[in-house]
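Numbered from 1 within each chain, the chains take letters A, B, ... in sequence-line order. If you're wondering where the values come from, they're calculated on a predicted model, not measured in any experiment.
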Amino acid sequence: MVFPGLLTGTPAGLLAVLAAVLAMCAALVHLGWLPPSALRVVTVAVVHGGLLAIAFGWAATTPPQWRPLGPSVIIILVLAVAATGTRWDPRAAIFYLASPLWLTFLALSGRLRALGLRWEMPVGGSLLGLAAGLTLGGHMLLAAAVTFGHRVTTDGLVLAAIAYDAGANVPSSELFFRGALFNRLQRRWSFAAAVTVATAVGLLRYLVDPLLPRAPEIIVGTLVYVTLLGVINAWLLWWSGSLLPGLVASLVFFAAYRMVAAV
Amino acid sequence: MIRRRQTAGLLVLGGCVIAVAVLAADATAQSASPWRHAYALPVVAGALALGMVGGSVTALAALMTQAPTLFVRVEAVGLGAGALDELVSAALLLVLGPLLGFCVTEARRQAERYATVLAVQETLADERPLPQALDALRCRLGGRLAADVTLAVRDGDDWIVAGSTAPTSDSAAGRAVATTAAVFVPDIGHEARPHRLLSAPLSVRGETVGVLTVERGGELPAGERRALVALALHIGAALENARLAARQRRFADELAEKVRAATDRLAALDQAKSAFVAMASHELRTPLTALVGYSELLATRAFSPDEVRRQAEIMRRQTRRLAAIIDDFLDLSRLERGEAPPLRLADVAVGPALTAAVELLGGPQRACRVVLDCSLEPIAVRADPHALERILVNLVSNALKYSPTHTTVTVRARATSGTVVISVEDAGRGIAPEALPRVFEPYFRAPDAVGRAPGSGLGLAMVKALVEAHDGHVHVESTLGIGTRVTLQLPAVP
């Protein structure tokens with residue numbers, strides 16, 4: 001059995017274009033020709049879209065093979081439109097939900113099978129993912145409230161943030177760090193090695209995220225919870241063979257995360 | 001089933017941790033709850049029951065449960081003695097759980113490895129053909145290792161395979177055989193969960209005799225791979241032991257069979273020699289009695305010249321008979337020493353030799369008729385005349401001895417390419433098939449012949465020895481109730 005290389009299928013051209021767009025946008029913002037919010041919009045589309053594009057590219061290398069460029073461009077555009085709309089009106093965050101719909105369509109067509117998204121729904125695994133998300137999220141809310149005295153809020157902005165997580169943050173993280181990276185690594189190395197690398201890279205992505213609050217307790221909490229979430233989701237994928245339990249766990253956890261007023 | 005038990009166990013332990021957390025909720029900002037030490041119970045129980053996973057998860061759960069109140073205390077009163085004590089307690093739990101769990105897991109793995117090696121020895125110790133033994137071993141290993149197992153063992157140029165398929169040059173098993181080193185494939189397909197495969201050669205004294213292939217949907221960690229390589233060596237040694245034991249048993253059986261045959265043969269020989277001694281005493285005593293009796297008569301009484309001549313003729317015949325018996329004994333003794341009988345070769349005409357033997361033994365006073373069927377052209381053989389006479393007289397007298405009255409003994413001679421074939425055929429009772437291969441053995445007499453006719457059991461043995469000394473050969477055919485034919489071939493005079 002011949003396996004693709006670790007980076008086989010990476011859409012280098014598309015990533016280069018995305019990087020160029022991001023750089024150009026940053027320059028224009030720096031020159032004052034574009035508002036700072038434009039950089040935020042482009043960053044969301046480029047980072048999450050780029051991660052999803054890589055995941056699509058890697059998924060397309062295993063049979064049945066398909067051309068990932070079109071679906072990648074579509075999801076980047078969806079994210080860009082949703083991010084742009086949200087800057088004008090938080091209610092436009094609902095456009096983020098077009099992203100999971102598009103992913104569902106791709107999954108039903110069998111193109112995301114290599115990432116662990118397929119027609120069959122693992123009920124037991126999904127319930128376990130729900131329990132994991134509730135446990136971690138509940139613990140985080142408890143710790144935030146009891147230890148640090150943060151308020152728990154459920155206003156409209158929370159819903160907009162949850163929509164952002166459902167359409168961009170959670171899918172890009174799970175499809176890339178678990179579905180693509182961990183999946184590819186575990187076919188070369190042991191589970192422990194694969195989960196360590198995939199979780200470490202995922203952690204790095206959150207630490208460099210400009211949207212993450214810079215408060216020390218938030219950074220430490222993120223380190224702990226995202227590490228635990230990464231390990232649990234990788235185990236759920238290994239155990240159930242499906243990415244869905246991890247998506248459920250992440251979604252529930254990030255929903256709780258968004259309820260912390262400090263975030 | 002195991003996974004369900006593990007999940008249920010973890011849930012129970014989680015419940016215990018929460019129960020301890022409820023008990024420990026009486027902690028204040030200034031003082032830690034003494035119940036915090038109760039966290040050790042589910043952590044130790046988790047490690048003992050579920051190994052490293054149980055110990056780690058329970059310890060993590062205990063830490064996560066303590067963390068919110070612990071940080072509140074640190075924030076409220078700083079890192080004082082109480083907070084430090086609680087921090088150390090929590091940290092100890094985090095060390096204790098995984099460490100104890102690791103020890104438990106390793107101990108269980110080690111016990112499992114010993115049990116697996118024992119299972120291999122037990123399976124291969126059973127006496128059964130190799131394919132069945134391999135199949136049984138494959139089933140046992142598959143159950144113990146929770147994996148698909150294939151065993152392939154060389155059988156000359158072929159493979160005896162228990163499991164999927166024989167090793168090929170492009171398969172992992174084939175590469176393991178070619179390189180005499182274990183081959184690990186991290187994933188053999190595109191299933192959701194990776195399928196690990198390990199092929200380890202079965203080696204005996206540096207030679208690869210087979211290959212063990214283990215395929216599992218899930219993890220096959222490095223420690224387990226090393227254990228499987230060691231297990232393959234055990235299997236190779238056990239296979240070799242089983243093979244050697246089987247060979248030893250076969251040798252022992254063969255040896256016992258040979259000893260039994262030799263014992264039987266010695267017993268038969270001993271019996272034959274005893275019979276021979278009795279027979280020889282009788283055979284020697286008969287002419288001696290005649291000689292003693294007639295010599296005493298001649299010495300003590302006066303007879304007419306004709307009567308003296310008759311008695312002298314009888315004494316001469318008995319003397320020749322005595323000499324012939326002694327000649328046979330001497331020749332037999334020589335044969336037993338591995339020496340060929342002394343021959344003085346000459347060109348001997350077969351026709352006259354046969355006629356002389358027939359006339360000597362087949363006189364009109366005989367109850368059986370002797371017919372000579374000899375081709376018209378003169379036939380000659382290169383032979384010792386005296387030996388040839390003994391051969392022919394032995395064969396014809398044998399045939400007459402075992403022929404019923406009023407039957408015919410036929411003596412034939414003909415020349416074939418370079419040889420002269422002489423056969424003596426009677427219409428007697430024949431020889432039993434089981435006795436036929438032994439009729440040329442010294443002292444042997446067919447069981448049904450003993451008591452029917454006198455004989456030493458040396459005649460046919462002497463015939464064979466003499467014929468073979470002439471570079472000829474002799475064989476016997478017989479059918480019960482129809483008769484016996486002895487055929488000999490001697491080299492013809494060119």
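Atom CZ of residue B:R225 and atom OG of residue A:S190 lie 8.0 Å apart, to the nearest 0.5 angstrom.
The number of heavy-atom neighbours closer than 6.0 Å to CZ of B:F102, taken from other residues, nucleotides and ligands shown, is 12 or below. By the 6.0 Å contact criterion, CZ on B:R108 is enclosed, its count of non-hydrogen atoms from other residues, nucleotides or ligands being greater than 12.
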Worksheet item: How far apart are the C-alpha atoms of A:L228 and B:M64, what are their side-chain angles, what is the distance that settles it, and do they pass the side-chain contact (heavy atoms from CB on, under 4.5 Å) test?
Response: CA-CA 11 Å; A:L228 286 174; B:M64 296 284 282; 3.6 Å; yes
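For the pair B:R193 (side chain) and A:W239 (backbone), a donor-acceptor distance under 3.5 Å is present.
For chain A, no part of B:L220 is nearby; none of its heavy atoms comes within less than 4.5 Å.
Closest non-hydrogen pair, A:W238 versus B:P194, comes out as CD1-CD, 4.4 Å. Annotation for B:R196 and A:R187: closest pair NH1-CA, 4.1 Å, computed over non-hydrogen atoms.
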